[in-house]
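Report on one structure; see the data block that follows.
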Amino acid sequence: MTDAAAFDPERLLEALDEQQRAAAEALTGSVCVLAGAGTGKTRTITHRIAYGVATGVFPPKRVMALTFTTRAAAELRGRLAALGAPGIAARTFHSAALAQLNHFWPQLMGAPAPSILDAKARLVAKAAEGLRMRLGSAALRDAAAEIEFRKTGAMSFERYAAVAVDRALPEGFDIDAMVALQQRYETVKDEQRMLDFEDVLLATAGMIESEPAVATEVREQYRFFTVDEYQDVSPAQQGLLEAWLGDHTDVCVVGDASQTIYSFAGAQADYLLRFGERPGAAVVRLEHNYRSVDGVVRAANALMTGRRGALTLSAVRHSADPREPPLTVRDYADDADEAAGVAQAVAAQIAAGTAPADIAVLVRINAQAAVLEQAFAAQGVPVTTGKARRYFEQPVVRKSIELLRAAVQARLDEPLVKSVSDALRQLGHTHHAPQGPGEQRTQWELLDALGTLAEQAPAGTTLPGFVAELAERAAAQHEPPVSAVSVLTLHAAKGLEWPVVHLIGCSEGLLPISYATTLAEVEEERRLLYVGITRARDRLRVSWARSAAPRPGDRRPSRFLSELGPTVQVHSGTGTSSARARAGARG
């Protein structure tokens, strides 16, 4: 987008479809954008903000865009800058609240704000010790999760005790003991002058609500709010949003009830579903799916038919090859057989020309990833997993950035790509990747991703500018793509997409998970599968194993599979995993 767009606001709307344009033109008052998977919600909200700035409705310094991850916030800032609206405050709830807390606390309390806890376990252990409770590491983690549940839900101890009647408490705890531990935890935390992650939201909202001067300053600074992924908002976050707004109504919320997968962490889709009941609220639906081919979209719609708040997606894209079904379901003898079959199918897809980074294998729980990693290693296929160390924390990446920093003064006149290539060569990087899997290949992929970033940098980017961009990426966890197959949990895959997705473990006990016993919990598992399905652009390969180990089958297919629609091709796995994998590669 050129600077001319800033003088011709209508040009900002040319790239939008009719539904997206309706959302972008609704600039004032309460606006609810119900955005289905793959319908371009980020494009819509960034164009809406840029259009508001270009038309003069939004003073840039008075706009706050809120999301749930630092990476998403960084993406919003980058897109807004490209649309001619740089300098917009795009932050997570917690980072925005923490900035305000650090600003106002010294004014109100005459001292710096308390330190923020990195983790609760140590203080929970100290609180338990004071109550003469002996807790193992697992019980400590479970107790910390209960504390987070209560505080994210903005519950009093009395309210929590009432809600906990229907909760599965950590082993060895009854309600009275859990409340006593939480009360003692709060005392210990206060004595040590600490705040936890949830306190940041609650304390900031409390300051705004109790101090008129703080409320006036905050509401004068920010007037126009946009909240992305609004289906994931918790009562604590909603309370802070309402404190920020006060009597103002200029807020746009964006979300999809069918992608509510964090209810266990306090997310409440009711805030999204009931937003349209606000006086004068405008509701816009985005239902044109630009991501997935028609067969995938049909399955997603079939899975969510009749569910509260579900949107009906219409596919814009169609399968390129009608002979290749976009969605198949396959069963395997056991978990190891499934892993081997999927790894072989992926290896065949890569051999046929699909880039490793264009393929994902999605699992319900992290434990499923171990056998997959072994199977991929046997096929010589590089993988990256959600549990791996973050890109910018990798020692070889840290060392390369140190070399680039050291080269800043000495290489001011050299082209960026040459400076970066020279630094990477000092660490052993070559133009050609090492053969096969292993640590050498992993190191090469990490360094090559850095070189690719330099090659893709805008013309005129200097080495100091590139080093500064790397620092910003590291702070925002905006990591470069690595040439490897992604192995992620369904929760970690939310917000991402790939041309090819393999969704494994679709059996009863895994999806839905065995501890999902209530109707609400099973419906959350349904939404989790919906998120997995809608990550696929071109091909979706679903599978399940008839048993956990080589013994007679003791599993049943997920109840959800029968709901994906009559056009889904179901294949029965017979013979060796190698034969089934070859069949899967063809299908």
Side-chain angles (χ1 to χ4, degrees), residues 93-94 97 101 105 108-109 114 116-117 119-135 138-211 214-215 231-246 260 262-274 515 517-521 524:
F93 275 90
H94 280 87
L101 193 70
W105 189 286
L108 299 175
M109 309 302 292
I116 308 299
L117 274 174
K120 295 182 175 66
R122 181 178 61 83
L123 289 194
V124 174
K126 189 173 183 63
E129 183 181 321
L131 295 173
R132 299 186 178 180
M133 296 178 179
R134 303 186 68 175
L135 304 181
L140 284 175
R141 290 194 297 270
D142 289 342
E146 283 301 295
I147 292 170
E148 291 166 5
F149 173 77
R150 178 184 66 82
K151 300 181 76 168
T152 299
M155 300 181 212
S156 65
F157 290 115
E158 293 75 18
R159 175 59 183 160
Y160 170 78
V163 170
V165 171
D166 297 320
R167 286 181 64 76
L169 296 179
E171 187 174 353
F173 279 92
D174 60 19
I175 293 175
D176 290 340
M178 179 52 66
V179 170
L181 179 63
Q182 294 198 36
Q183 290 173 327
R184 181 61 184 163
Y185 164 83
E186 294 296 332
T187 300
V188 171
K189 181 165 56 67
D190 291 344
E191 289 172 350
Q192 296 197 9
R193 204 169 176 275
M194 304 284 285
L195 295 176
D196 61 26
F197 200 57
E198 295 74 35
D199 286 330
V200 173
L201 302 179
L202 299 170
T204 303
M207 285 195 311
I208 296 171
E209 291 165 350
S210 62
E211 298 291 337
V214 172
Q231 77 279 351
D232 290 335
V233 76
S234 69
Q237 291 163 330
Q238 180 66 22
L240 178 58
L241 177 62
E242 291 172 356
W244 279 331
L245 284 168
T260 306
Y262 291 106
S263 294
F264 66 90
Q268 294 192 8
D270 270 1
Y271 292 126
L272 174 68
L273 294 173
R274 300 183 62 181
Y515 50 77
T517 56
T518 68
L519 178 61
E521 289 168 342
E524 181 116 333

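For the atom pair T187 OG1 and K126 NZ, the distance stands at 12.5 Å (nearest 0.5 Å). In this structure, CZ in F197 is found 9.5 Å from CD1 in I116, a value given to the nearest 0.5 Å. In this structure, OG1 in T204 is found 4.5 Å from CG in L101, a value given to the nearest 0.5 Å. Atom CD of Q231 is separated from atom CG of L273 by 9.5 Å, given to the nearest 0.5 angstrom. Atom CD in E524 sits 7.0 Å away from atom CZ in F264 (nearest 0.5 Å). Note: M207 CE to L108 CG = 6.0 Å, rounded to the nearest 0.5 Å.
At a threshold of 4.5 Å between non-hydrogen side-chain atoms, the residues W105 and P114 count as touching. Residues L169 and D174 fail the side-chain proximity criterion, which asks for heavy atoms closer than 4.5 Å. Inter-residue side-chain proximity for F173 and D142 is flagged as unmet; no heavy-atom pair is nearer than 4.5 Å. Considering only heavy atoms from C-beta on, H94 comes within 4.5 Å of L201 through its side chain.
Here the shortest heavy-atom pairing between T152 and G266 reads CG2-CA, 4.1 Å. Closest approach of S156 and R159 over heavy atoms only: OG-N, 3.0 Å. Taking every heavy atom of both residues into account, L123 and Y185 meet most closely at CB-CE1, 3.8 Å. Shown here for A143 and V124, the closest heavy-atom pair between the two residues is CB-CG1, 4.1 Å. The two residues T260 and A269 make their nearest non-hydrogen contact at OG1-CB, 3.4 Å.
Between the side chain of D166 and the backbone N or O of V163 there is no donor-acceptor pair closer than 3.5 Å.
Under a cut-off of 6.0 angstrom, the local environment of CZ in R167 is crowded, with over 12 non-hydrogen atoms contributed by other residues, nucleotides or ligands. Atom CZ of R193 has more than 12 neighbouring heavy atoms from other residues, nucleotides or ligands inside a 6.0 Å radius.
Screening E198, E186, E146 against K151 for a side-chain hydrogen bond (donor to acceptor under 3.5 Å, both in side chains) leaves a single residue, E186.
The aromatic rings of F149 and Y160 lie perpendicular to each other, with more than 60° between the two planes, well past the 30° mark.
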